[in-house]
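Numbering starts at 1 and runs along the sequence shown.
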Amino acid sequence: MSKQVIILGAGVIGLSTALYCARRGMSVTIIDQKARQRDGCSFGNAGMIVPSHFIPLAAPGMVALGLKWMWNPESPFYIQPRLDADLMRWGLHFWKAATKARVDAAAPVLRDLSLLSRECFETLGLDFGLVKRGLLMLCQKQQTLDEEGHMAGKANALGIPAEVLDAKATAVLDPAVTMQVCGSVFFPKDCHLTPGRFIGAVEAELLRLGVTFLWETEVKGFEVEGQTLRAVKTSKGAVSGDEVVLCGGVWSAQLANELDLKIPMQAGKGYSLTLTNPKQLPELCSICTEARLAVTPMEGALRVGGTMELAGIDESITQRRVRGITRAFPQYFPAFEEKDFAEVKPWSGLRPVSPDGMPYIGRTQRWKNLTVATGHAMMGLSLAPATGRMVAEVLSGEKSSVALDLMSPDRFA
């Protein structure tokens, strides 16, 4: 009899986990509180697969930079001032994690995760239009280019190819678009795709494999026996299983509390705007480094996304945050103007952000049959296939493809 697996959350992490479990012959049920998702965090993101992003969010200098940005409501990073004990604890963990030693330990793990995920994207055997042309870190200031050049040296030392380019070489690499930069760093291993197309392809494969979806189903609690979760109690009745996988994005923290787990998490709101008929269309995806904007061509459209806003579980649109994006983008791509976005409806999504910049992946000591897979922040799509494969390995009793120590769900217990 096949192992019965219950997956809590139908975002890109949950779907990827279901895919790898179902392909190993497991019987999978996915539970999600929302209707069949077409607006979640997995759909409006920048669609990037980024081995270039091997530095965790909690890094030296980020605390000071975050405090500086906090006073500008249009800055790339903003924390809504509020008396919140969870936010304060999260901030303390972030401060403790933002050290060189911690970053040096985390970087090889994030590299291994990203390169594994890129390999998985290439070998999934699904049609979702993966574009393997690399990524440009666009810099307007020489100081920024020098800093990014230093990071390129670290990347190459880790086995992630990176090349520093001047403005002319940058333009040659992507001649279809006009860029106003002093140079860039090119990461040839990075890729991009259209998130909705990827999600659709995975969902179709899951249905073909016989995976059960329970949409608009709220988790009400758990039936437990000792250290084992026997069933998930939902608004549509109890669902029994041998294994439970918690990958509910920002809502994972609430369920974790009910399970007596300490998984610090903050909702990092991000925004994106998609031009369906852009004046120019780059061939490569890019990051506008100083402005922290992500720019991705998507099957004829152009998506521009950015900001990290810690404002709790709040999916509303803050217009001043959107203005920060629309004002910064033309500074790098001068063929565009802020008014080009006037009729574009902004999208927002909540990213699950751990305080140390590492996802939570693996078993917990508290529950014998619970595995956690959440906290990927801005890297959810990028790391989804690797996460799904690793969770399937854990459930099968196999050695994980990437060492799980730094990603333990118990690390803040």
Side-chain angles (χ1 to χ4, degrees), residues 45-55 76 111 114-115 118-119 121-122 128-194 272-306 325-338 340-341 378 381-382:
N45 64 45
M48 295 179 177
I49 294 94
V50 281
S52 59
H53 287 42
F54 57 90
I55 299 296
R111 171 204 61 196
S114 289
L115 292 177
R118 188 186 190 279
E119 175 189 330
F121 274 111
E122 291 183 295
F128 50 85
L130 182 66
V131 181
K132 298 183 287 185
R133 291 180 178 165
L135 173 143
L136 291 168
M137 297 290 295
L138 301 176
C139 303
Q140 289 195 308
K141 301 176 182 178
Q142 185 61 46
Q143 178 183 348
T144 309
L145 183 59
D146 293 341
E147 292 170 353
E148 291 301 316
H150 178 68
M151 293 305 299
K154 289 186 175 182
N156 281 309
L158 283 169
I160 301 171
E163 181 182 0
V164 180
L165 307 175
D166 60 17
K168 184 177 180 180
T170 301
V172 168
L173 200 58
D174 200 348
V177 64
T178 304
M179 293 174 282
Q180 187 169 306
V181 297
C182 72
S184 67
V185 175
F186 175 53
F187 287 91
K189 286 285 188 181
D190 285 17
C191 312
H192 68 269
L193 50 77
T194 302
S272 71
L273 301 102
T274 304
L275 295 170
T276 56
N277 189 28
K279 295 175 178 177
Q280 295 181 338
L281 188 66
E283 295 182 358
L284 281 67
C285 58
S286 60
I287 301 290
C288 302
T289 305
E290 293 90 351
R292 299 296 203 276
L293 296 183
V295 181
T296 311
M298 293 186 179
E299 299 178 332
L302 184 62
R303 179 165 294 171
V304 184
I325 296 174
T326 59
R327 288 177 178 175
F329 177 69
Q331 296 174 15
Y332 293 82
F333 296 90
F336 295 85
E337 301 173 82
E338 186 177 353
D340 293 332
F341 296 93
M378 298 170 288
L381 175 71
S382 184

[X] side chain to [Y] main-chain N or O, any donor-acceptor pair under 3.5 Å?
X	Y	answer
Tyr332	Ala291	yes
Arg118	Lys189	yes
Ser382	Val50	yes
Thr296	Ala46	yes
Arg327	Glu338	no
Asp340	Glu337	yes

What's the separation between atom [atom1] in [X] and atom [atom2] in [Y], rounded to the nearest 0.5 Å?
X	Y	atom1	atom2	answer
His192	Leu284	NE2	CG	7.5 Å
Leu281	Met298	CG	CE	11.0 Å
Asp166	Cys182	CG	SG	9.5 Å
Leu165	Asp174	CG	CG	11.5 Å
Asp146	Cys139	CG	SG	9.0 Å
Met179	Gln140	CE	CD	12.0 Å

Nearest heavy-atom pair of [X] and [Y]: which atoms, and what distance?
X	Y	answer
Met151	Phe54	O-CZ, 3.8 Å
Pro161	Asn156	CA-OD1, 3.5 Å
Gly300	Pro278	O-CD, 3.4 Å

Member of Cys285, Ser184, Cys191, Ser286 meeting the side chain to side chain contact (heavy atoms under 4.5 Å, CB included) criterion with Leu135:
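Result for side chain to side chain contact (heavy atoms under 4.5 Å, CB included) with Leu135: Cys285.
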
State which residue, out of Val181, Val185, Ile287, Val295, fulfils the side chain to side chain contact (heavy atoms under 4.5 Å, CB included) condition with Leu138.
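Checked Val181, Val185, Ile287, Val295 against Leu138; only one passes side chain to side chain contact (heavy atoms under 4.5 Å, CB included): Val181.
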
Run the numbers on Leu275 and Phe341 for side-chain contact (heavy atoms from CB on, under 4.5 Å), then give the verdict.
CA-CA 7 Å; Leu275 295 170; Phe341 296 93; 3.8 Å; yes

Ion pair Glu147/Lys141, N-O distance below 4.0 Å:
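Lys141 and Glu147: not salt-bridged.
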
Parallel, tilted or perpendicular: which fits the ring planes of Phe336 and Phe333, with parallel below 30° and perpendicular above 60°?
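Correct class here is perpendicular.
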
Give the intermediate values and the outcome of side-chain contact (heavy atoms from CB on, under 4.5 Å) for residues Leu193 and Leu381.
CA-CA 10 Å; Leu193 50 77; Leu381 175 71; 3.7 Å; yes

If you count the non-hydrogen atoms of other residues, nucleotides and ligands that lie under 6.0 Å from CD in Glu283, is the total more than 12?
yes

Could you check Arg111 against Ile160 for side-chain contact (heavy atoms from CB on, under 4.5 Å), going step by step and ending with a plain yes or no?
CA-CA 8 Å; Arg111 171 204 61 196; Ile160 301 171; 3.7 Å; yes

Got a sec, which pairs hit salt bridge (charged side-chain N to carboxylate O under 4.0 Å, His left out) with one end in residues 128-140, sequence neighbours left out?
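Found Glu122-Lys132.
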
